[in-house]
Amino acid sequence: MILEMAITIHIPSPSPPSFSSPQASTNLCRKQIHGAAAFPVNFPRRRPALRSLRPICQLADQRVTPPAATPAKTSRISRPLLSVSETTSEAELWAAVCLRVRTFYDFKEHTFGIEDHKKYLAEREFEALKERVSGLRKGFRKVSCINATLPLSLVLNISEELSASCKFSQNGADRVVVGTLDLNQCLSLPDEMIGTKPKGIGADFARAYISNVCVAEELQRNGLGYELIVDAKRVAQEWGISDLYVHVAVDNEAAKKLYIKSGFTIESDEPAWQARFLDRPRRLLLWTALPIPYEL
């Protein structure tokens, strides 16, 4: 007899794959989000091309220097090689404007497009200064740009960048503008305190303002600012000016000492609210009288 045996082999069916519940997925997403918030990824931020200063008297009267680890070094100059006089050419005027842009603005170097922005600022001020010097700007009777210049060969040994940016040619010789200012025969300057002397008829003829005073950083403490003021006084006397004014920021101690040394005294100070409105340091208005060599 044949016995038939049925052997039943039980093979367990594979268990279905486990999936996390929607709630679990939501919790995971939340943890990832919270983790990103707790440990943010710092992407580099684009920085502006420069941090410019609000113009003061067309540009400024106060140099703002970026913080430096060591004080800036200055070089001594040979006085016989120094020339201080009124601008006689557009090339010299352009060199003076380049020195002002270099001095009155705090640039972030090695930033994309920075040279183009410097050129834009220089061209804008160059056109405005040409308009004032040529007598086309309303409200200004006369304007003169007075510069301190040195031979290129001398300045090359001090700063190649200064030599390249502020160079001009005069009578076949290359020179560099190392200091500059404007002398303005007018009743007032835009957005500035107004002098009170002289009073009455003829005040617009006999009153003048000095503005845009600057000296190359590498050549400060050489008396260049004082020489510029002396020549400005000479020109003002030739124009018949009896009362000369200059504005200065209250915290610009070096400039205040220069003007007081040059014979200026404080006539008035700017109200704090006006300085805040114009977004600039509070100003002082300084005055000095000039002898008149002839009767008006």
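None of the values given here were measured: they were computed from a predicted structure.
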Determine whether a donor-acceptor pair (N or O, by modelled atom type, separation under 3.5 Å) exists between the side chain of [X] and the backbone of [Y].
| X | Y | answer |
| --- | --- | --- |
| Ser89 | Glu92 | yes |
| Thr87 | Cys145 | yes |
| Arg207 | Gly195 | yes |
| Gln237 | Pro291 | yes |
| Arg137 | Glu131 | no |

Could you give the distance from [atom1] ([X]) to [atom2] ([Y]), rounded to the nearest 0.5 Å?
| X | Y | atom1 | atom2 | answer |
| --- | --- | --- | --- | --- |
| Tyr209 | Asp243 | OH | CG | 9.5 Å |
| Thr288 | Ile260 | OG1 | CD1 | 11.5 Å |
| Ser211 | Leu189 | OG | CG | 5.5 Å |
| Glu86 | Leu183 | CD | CG | 8.0 Å |
| Asn252 | Leu284 | CG | CG | 10.0 Å |
| Glu192 | Asn184 | CD | CG | 10.5 Å |

Problem set entry | Residue pair Glu267 / Thr196, side-chain donor-acceptor N/O under 3.5 Å | yes
For this session: Answer yes if the side chains of Ser85 and Asn147 hold a donor-acceptor pair under 3.5 Å, and no otherwise.
Result: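 Note: Ser85 and Asn147 side chains miss the donor-acceptor criterion.
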Between [X] and [Y], does any side-chain N to carboxylate O distance fall below 4.0 Å?
| X | Y | value |
| --- | --- | --- |
| Arg102 | Glu161 | yes |
| Glu123 | Lys130 | no |
| Arg280 | Glu270 | yes |
| Arg234 | Asp231 | yes |

Any side-chain heavy-atom pair of [X] and [Y] under 4.5 Å:
| X | Y | result |
| --- | --- | --- |
| Thr180 | Ile146 | no |
| Leu150 | Val176 | no |
| Ile194 | Leu187 | no |
| Val215 | Thr103 | no |
| Leu219 | Leu224 | yes |
| Arg283 | Val248 | no |
| Gln185 | Phe140 | no |
| Glu125 | Asn212 | yes |

Exercise. Are Leu156 and Val177 in one and the same hydrophobic cluster, where Ile, Leu, Val, Met, Phe, Trp and Tyr link if side-chain heavy atoms are under 4.5 Å apart?
Worked result: yes
For this session: Under the side-chain contact (heavy atoms from CB on, under 4.5 Å) rule, what do Leu93 and Leu129 come out as? Steps first, then yes or no, please.
Result: CA-CA 8 Å; Leu93 202 66; Leu129 184 54; 3.5 Å; yes
For this session: Go through the steps for Leu290 and Ser242 under the test side-chain contact (heavy atoms from CB on, under 4.5 Å), then give the verdict.
Result: CA-CA 5 Å; Leu290 298 178; Ser242 62; 5.7 Å; no
Locate the shortest heavy-atom distance separating [X] from [Y]; write the atom from each residue and the value.
| X | Y | result |
| --- | --- | --- |
| Trp94 | Ala122 | CH2-CB, 3.6 Å |
| Leu181 | Val213 | CB-CG2, 3.8 Å |
| Val250 | Lys256 | O-NZ, 2.7 Å |
| Tyr259 | His247 | CE1-O, 4.5 Å |
| Phe264 | Leu244 | CE2-O, 3.4 Å |
| Ala148 | Leu228 | N-CD2, 3.7 Å |

For this session: Output, in order, the C-alpha distance, side-chain angles, deciding distance and verdict of side-chain contact (heavy atoms from CB on, under 4.5 Å) for Asp182 and Ile210.
Result: CA-CA 6 Å; Asp182 290 341; Ile210 291 174; over 6 Å; no
Exercise. More than 12 foreign heavy atoms under 6.0 Å from CD of Glu253: is that the case here?
Worked result: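 Check passes, neighbour count above 12.
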Problem set entry | Row check, Phe107 ring normal vs Lys118 NZ/CZ: under 6.0 Å, within 45° | yes
Problem set entry | Worked check of salt bridge (charged side-chain N to carboxylate O under 4.0 Å, His left out) between Arg79 and Glu227 | CA-CA 11 Å; Arg79 307 298 294 188; Glu227 295 293 339; 3.2 Å; yes
For this session: Evaluate side-chain contact (heavy atoms from CB on, under 4.5 Å) for Val101 paired with Lys119, printing each intermediate quantity in order.
Result: CA-CA 9 Å; Val101 171; Lys119 184 178 179 181; over 6 Å; no
